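Everything on this sheet refers to the single structure shown next.
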Amino acid sequence: MKVLIVGSGGREHALAWKTAQNPEVEKIYCAPGNAGIGEYAECVDIGAMEFEKLVAFAKEKEIGLTIVGMDDPLVGGIVDAFEKEGLRVFGPRANAAILEGSKAFSKDLMKKYHIPTAAYENFDDPQAALAYLETAKFPIVLKADGLALGKGVLICNTLEEAKEGVKSIMMDKKFGASGNRMVIEEFMTGREVSVLSFVDGKTVRTMTSAQDHKRAGDGDTGLNTGGMGTFSPSPFYTKEIDEFCQSHIYQPTVDAMAAEGREFKGVIFFGLMLTEDGPKVLEYNARFGDPEAQVVLTRMKTDLVKVCEACIDGTLDQMELEFEDNAAVCVVLASDGYPVKYEKGFLINGLEKFQDKDGYYVFHAGSRKTPEGIVTNGGRVLGVTATGADLKEARANAYEAVEWIEFGNKYYRHDIGKAIEEAQ
Ligand code: AMP
Ligand code: GLY
């Protein structure tokens with residue numbers, strides 16, 4: 001079978017690596033891909049939003065399965081475009097990807113179906129939002145409704161800050177059209193956990209838990225980023241919490257989408273906060289996380305292609321997922337200055353050190369092949385990932401491997417997974 005992967009980040013590199021393990025996969029293409037993905041896949045110069053070209057390519061090459069990694073094409077209807085032409089594609093249709101594409105939609109869904117989440121109000125009108133703030137409790141959380149590269153969330157400590165936030169989201173359109181609507185919600189405290197799951201419209205099978213580190217600097221300081229590093233499993237995600245979430249969050253979400261006529265097939269990423277009042281949903285994503293995929297897929301024993309096919313066919317109930325009884329840590333190597341301003345084009349040295357080393361992986365996020373070698377080509381450059389018998393060992397291995405890589409303006413956080421040591 002030939003497989004096409006849509007996207008170009010570390011998540012798609014991990015997806016390509018995992019896909020390549022299926023013996024029936026004869027060829028992998030990735031559009032548009034990156035230098036690292038090129039090791040497993042032929043990179044094709046078609047953008048992830050160029051649906052017509054992607055569909056034509058998939059037909060011409062007789063692609064048997066397309067896996068969509070990114071949120072923008074999913075929300076934009078890439079799955080509908082492929083299905084219309086009779087192509088097999090893994091991911092939610094646009095009417096289900098709205099679970100990530102509109103925070104106002106997902107909050108209303110949770111309210112209607114009694115899925116635990118922070119109390120909130122939705123606003124279309126900035127004046128109404130400003131008036132609401134006058135009687136609100138602080139801190140408070142403002143969220144642009146639509147996709148905003150993970151940056152459309154503002155936590156405001158004072159009324160003044162919140163008023164500025166409403167202005168920047170709804171009036172100055174700092175996050176573009178995604179700020180036409182806004183959610184204002186209660187501020188929650190607790191540990192954050194990401195749980196990714198496969199869904200076939202009816203059945204949900206959760207993967208092992210993970211935790212991201214979203215802020216740019218050590219000790220959770222600095223700006224929000226796409227994610228600076230992850231670990232899996234989360235020691236805070238206990239069996240009791242899992243049981244609660246399975247019956248009060250995961251299955252109810254899948255059932256709610258089906259009841260709304262928005263059957264969800266693909267990956268639901270549950271962003272949870274473990275509060276004193278129990279687990280609550282922070283957000284939904286309609287795809288694998290990046291860099292959550294890097295620590296989850298490297299621990300997954302089950303064949304990825306088979307699970308994707310079961311989701312498409314609606315036969316996930318006949319499958320159980322299996323994970324290694326180990327741990328993984330991913331440290332993102334970024335370009336200094338990310339997420340604001342950074343340079344590109346520095347030669348990357350040391351990539352060969354990962355070859356034939358079991359349990360060590362270097363997933364490329366932003367890299368480019370040149371005649372001189374592979375160079376940096378983005379804010380997040382590489383995701384150095386290592387497994388270990390437990391989180392402590394995985395963390396030590398990942399930070400050991402971080403030293404194997406050199407490039408100009410290399411920047412990374414030193415405390416990925418440090419919370420683990422505090423907890424154990
Ligand atoms: P989101 O994109 O909705 O996951 O939000 C990004 C980050 O903002 C989350 O990972 C949390 O750290 C934080 N956040 C979002 N919503 C809340 C909330 N209601 N209370 C506290 N923190 C929040
Ligand atoms: N790492 C967070 C995300 O993929 O949304």
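For reference, positions follow the sequence shown, starting with 1. Remember, it's 1-based here, ligands and their atoms both numbered in the order they're listed. From a predicted model like this one, the values you see are computed outputs, not experimental measurements.
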message: For Tyr411 together with Tyr342, are the ring centres under 6.0 Å from each other?
response: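 Ring centres of Tyr411 and Tyr342 not closer than 6.0 Å.
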So which protein heavy atom does [atom] come closest to, and at what separation?
atom	answer
atom 10 (O) of ligand 1	Glu192 OE1, 2.7 Å
atom 3 (C) of ligand 2	Arg287 NH1, 3.7 Å
atom 21 (C) of ligand 1	Met188 O, 3.1 Å
atom 13 (C) of ligand 1	Ile155 CD1, 3.9 Å
atom 2 (O) of ligand 1	Glu283 OE1, 3.2 Å

- request: Walk me through it: do Lys112 and Glu260 pass the test salt bridge (Lys or Arg N to Asp or Glu O under 4.0 Å)?
  value: CA-CA 11 Å; Lys112 183 169 171 188; Glu260 294 290 313; 2.7 Å; yes
- prompt: Do you see a donor-acceptor pair shorter than 3.5 Å between the side chains of Asn285 and Asp71?
  reply: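 No - no donor-acceptor pair under 3.5 Å links their side chains.
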- prompt: So, Asn34 versus Arg368: side-chain donor-acceptor pair below 3.5 Å or not?
  reply: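 No, no side-chain donor-acceptor contact under 3.5 Å.
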- prompt: N/O of Asp212 under 3.5 Å from N/O of ligand 2, yes or no?
  reply: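 Yes - when backbone and side-chain N and O of Asp212 are compared with those of ligand 2, one distance drops under 3.5 Å.
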Which atoms of ligand 1 are found less than 4.0 Å from any heavy atom of [X]?
X	result
Lys143	3 (O), 15 (C), 16 (N)
Phe187	20 (N), 21 (C)
Lys103	2 (O), 3 (O)
Glu185	16 (N), 17 (C), 18 (C), 19 (N)

- prompt: Considering only heavy atoms, which of Val183, Val153, Leu272, Leu282 lies nearest to atom 5 (O) of ligand 1?
  reply: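 Ranked by closest heavy atom to atom 5 (O) of ligand 1, first place is Val153.
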query: Backbone, side chain, both or neither: what part of Glu186 comes under 4.0 angstrom of ligand 1, heavy atoms only?
result: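 Backbone only.
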- prompt: Short list, please: which atoms of ligand 2 are under 4.0 Å from a heavy atom of Gly226?
  reply: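 Within the 4.0 Å cut-off of Gly226, ligand 2 contributes 1 (N), 2 (C).
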field: Per-atom contacts, ligand 2 versus Gly289 - under 4.0 Å to a heavy atom
entry: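 This gives 4 (O) as the contact atoms.
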query: Excluding sequence neighbours, so at least two apart, what forms side chain to side chain contact (heavy atoms under 4.5 Å, CB included) with Lys143?
result: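 With sequence neighbours excluded, Lys143 shows a side chain to side chain contact (heavy atoms under 4.5 Å, CB included) to Lys103, Val141, Val153, Val183, Glu185, given in chain and number order.
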- request: Select one of side chain, backbone, both or neither to describe which atoms of Glu292 lie under 4.0 Å from any atom of ligand 2, heavy atoms only.
  value: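 Side chain only; the backbone of Glu292 stays clear of ligand 2.
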- prompt: Between Asn285 and ligand 2, which residue portion shows a heavy-atom distance shorter than 4.0 Å: side chain, backbone, both, or neither?
  reply: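 For Asn285, only side-chain atoms sit under 4.0 Å from ligand 2.
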task: Would you verify whether the NZ or CZ of Lys410 falls within 45 degrees of the ring axis of Phe346 while also being under 6.0 Å from that six-membered ring's centre?
output: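 Pair Lys410/Phe346 does not count as cation-pi.
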query: Would you find more than 12 non-hydrogen atoms of other residues, nucleotides or ligands less than 6.0 Å from Lys301 atom NZ?
result: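 Check passes, neighbour count above 12.
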Arg11: partners by salt bridge (charged side-chain N to carboxylate O under 4.0 Å, His left out), with sequence neighbours left out: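 For Arg11, no residue satisfies salt bridge (charged side-chain N to carboxylate O under 4.0 Å, His left out) once neighbours in sequence are set aside.
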field: Working for side chain to side chain donor-acceptor pair (under 3.5 Å), residues Tyr237 and Gln211
entry: CA-CA 10 Å; Tyr237 188 77; Gln211 189 183 319; over 6 Å; no
- prompt: Do NZ/NE/NH1/NH2 and the carboxylate oxygens of Arg287 and Glu292 come within less than 4.0 Å?
  reply: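 Between Glu292 and Arg287 there is no salt bridge, as every charged N stays at least 4.0 Å from the carboxylate O atoms.
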- request: Ignoring angles and geometry beyond distance, decide whether Val141 reaches within less than 3.5 Å of ligand 1 through its nitrogen or oxygen atoms.
  value: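 No - when backbone and side-chain N and O of Val141 are compared with those of ligand 1, no distance drops under 3.5 Å.
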query: Under the 3.5 angstrom rule, does the side chain of Asn157 hit a backbone N or O of Pro139 as a donor-acceptor pair?
result: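 Answer holds: no.
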- prompt: Is there a protein heavy atom at a distance of less than 4.0 Å from atom 15 (C) of ligand 1?
  reply: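 Yes, at least one protein heavy atom sits under 4.0 Å from atom 15 (C) of ligand 1.
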